[in-house]
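I have placed the structure first, in the form of structure tokens, so that the comments after it can refer back to it.
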Amino acid sequence: MTATGRKPEPQLPGQSSSPRPHLPRRPHPSMRVTDTERAASKFGAAFLSGIIGNPLEVAKTRLQAQAAGVSYLHPVRDITGQAAYFGSNMGRGLSAGSFAGIHGSVPSCPSDSFRYKGTLDVLYKITREEGFARLWRGASAGITLILPRMAINVSCYPIFVESLEKLTAPKFRPLVPVIAGPLTVALACVTCYPIELSRTRMQAFQETQLGKKSPGVFKTLCEVTSQAKSAYKSRNNLLQYRVLWMGMGAHIARDIPFYTICSWMFMPTLIKVLPDDNRLFNYSFQLRVIFSAAFITGSVAGALTCPLDVARTWRQIEDPNGASRMSLKEPLVEIWRKTGMRGLFAGMVPRAYHAGLSFGIVAVMHFHIEQYKHHARFSNLFKESNRS
């Protein structure tokens, strides 16, 4: 019997007698993170994860493009021999068919073609054949995406929440954040999708014209629209710009489940990895625990949504002339028919690592800002007490 007259709860076998540490309570209003501070933390986390994880993104895109039918070639060191072998107007190493390169299609794969066998193999071959800097191909597009995404998330999410709360009954208001989150994600995807398209095509296609500067974001988009002119030359010229949003449905279908899994899985995972002792008072240990929980959450979400990411990559690298005739279901069925389950989960390892790394950096940055405000508040209180 305890002092309150209640019987102690029975302990399971192997359970520690010490109470399990609880998660921190709701912070004081002066310690809560504002929208500006949250946006700043997300911006810094997105910038770091974009720079650090870009090689994993390149490896993932190459593996998925290879599963979709792209053939990568050994770069030809002799520029004269390259022009004689491939043709003077050939610029990207791709197989013939619906996956056409930006500078023209490529004939059938020669005998010196090679296949990527895994993440480390992709990183090694890109570094050896194309140069170490090629691992950061498309990083400029990823950095360009940060500001518009942050602006949409910070400004539109509260608007969606407020509008939905006015339209829904009180008993359904707990579901408002569940609906407002996917709406914000979908709006950000639609607005920023052309930059996403350019990043995927910049990372997927192999440069074979040595000594020539690779096209950037704007030039890549211009080349995509120029290829679509032949398909819409007899109709309205504005229709050619619809190719800048090819594969957008697969992109939204990937992002909404990914962020939903992360938001629902993070706190239960954090509770599972919390220790039973007092090591949580150590700040560095707190960071490791939060990063571990976020890394596990992001990795699981990235692995589960990998088939949708493969379909997105398929749609983004296809020939713009036939983009309007392919839906989300068709690339999944085609990849299943050609390579089976292995093709649907192509690039799963680099995607899971990159997703876990990105989500872990975001969680650590947010926790760091909360702790900074916590110490700043108590230091101010200490100074005011000394003055008085």
Side-chain angles (χ1 to χ4, degrees), residues 44-68 70-83 85-86 90-95 99 101-103 106 109-110 112-146 195-221 223 295 298-299 302 309 313 316-317 346-358 360-361:
F47 182 83
L48 288 178
S49 62
I51 297 298
I52 298 174
N54 198 79
L56 294 173
E57 187 72 16
V58 173
K60 179 211 72 173
T61 305
R62 290 288 181 94
L63 290 172
Q64 292 177 350
Q66 180 177 258
V70 175
S71 297
Y72 294 99
L73 314 175
H74 285 292
V76 183
R77 301 296 179 181
D78 186 5
I79 303 299
T80 305
Q82 173 187 345
Y85 183 81
F86 291 113
M90 180 261 188
R92 303 290 176 112
L94 298 173
S95 62
F99 300 96
I102 290 180
H103 295 290
V106 179
C109 181
D112 63 345
S113 63
F114 62 99
R115 294 184 60 84
Y116 298 123
K117 300 177 179 62
T119 304
L120 296 179
D121 188 56
V122 174
L123 299 177
Y124 171 73
K125 288 181 178 178
I126 291 177
T127 303
R128 183 188 63 183
E129 303 293 345
E130 304 177 42
F132 184 72
R134 182 66 180 178
L135 296 177
W136 278 266
R137 180 73 173 138
S140 58
I143 296 174
T144 306
L145 285 168
I146 297 175
I195 305 177
E196 287 276 2
L197 175 69
S198 65
R199 180 173 66 170
T200 301
R201 295 180 74 91
M202 291 163 65
Q203 293 175 347
F205 296 141
Q206 180 185 23
E207 293 292 341
T208 56
Q209 290 185 346
L210 303 180
K212 183 179 180 180
K213 184 179 179 181
S214 301
V217 177
F218 182 74
K219 188 176 180 181
T220 301
L221 296 178
E223 291 171 338
F295 183 85
S299 299
D309 190 64
T313 302
Q316 289 179 336
I317 65 176
M348 185 187 68
V349 174
R351 169 165 171 76
Y353 271 98
H354 188 206
L357 178 65
S358 301
I361 293 176

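These figures come from a predicted structure and were not determined experimentally.
Judged by distance alone, the side chain of Ser358 and the main-chain N or O of Ala355 form no donor-acceptor pair under 3.5 Å. Using modelled atom types, no side-chain atom of Arg199 and backbone atom of Ala141 make a donor-acceptor pair closer than 3.5 Å. Arg201 places a side-chain N or O within 3.5 Å of a backbone atom of Gln316 that can act as its donor or acceptor partner. Side-chain N or O atoms of Asp309 include none that pairs as donor or acceptor with a backbone N or O of Arg351 at under 3.5 Å.
A pairwise comparison of heavy atoms in Ala67 and Ala346 identifies CB-CB, 3.8 Å as the closest pair. When every heavy atom of Ser198 is checked against every heavy atom of Val217, the shortest pair comes out as OG-CG1, 3.3 Å. Smallest separation of non-hydrogen atoms from Tyr116 and Leu63: CB-CD2, 3.8 Å. The shortest heavy-atom contact between Pro55 and Leu123 is O-CD2, 3.6 Å.
Distance check: Leu56 CG to Ser49 OG gives 11.0 Å after rounding to the nearest 0.5 Å. For the atom pair Ile51 CD1 and Ile143 CD1, the distance stands at 3.5 Å (nearest 0.5 Å). Atoms OG1 and CD1, on Thr144 and Ile195 in that order, are 6.0 Å from each other to the nearest 0.5 Å.
The side chain to side chain contact (heavy atoms under 4.5 Å, CB included) check on Thr61 picks up Glu57, Thr200, Gln203, Ala204, Thr313, with sequence neighbours excluded. Under the rule for a ring pair (Phe, Tyr, Trp, His ring centres under 6.0 Å), Tyr124 has no partner lying at least two apart in sequence or in another chain.
Annotation: side chain of Leu135 is not in contact with side chain of Asn54 (no heavy-atom distance under 4.5 Å). Looking at heavy atoms from C-beta onward, Val58 lies out of side-chain contact with Trp136 at the 4.5 angstrom threshold.
Contact check on Arg62 versus Glu130 returns a salt bridge, with a Lys/Arg side-chain nitrogen under 4.0 Å from an Asp/Glu carboxylate oxygen. Arg115 and Asp121 are not joined by a salt bridge, as no carboxylate oxygen comes within less than 4.0 angstrom of a charged side-chain nitrogen.
Within the structure, ring-ring contact (aromatic ring centres under 6.0 Å, His included) contacts touching residues 49-68 (residues at least two apart or in different chains) do not occur.
In summary, of the residues considered (Leu120, Thr119, Ile126), a side chain to side chain contact (heavy atoms under 4.5 Å, CB included) with Val122 occurs for Ile126 alone.
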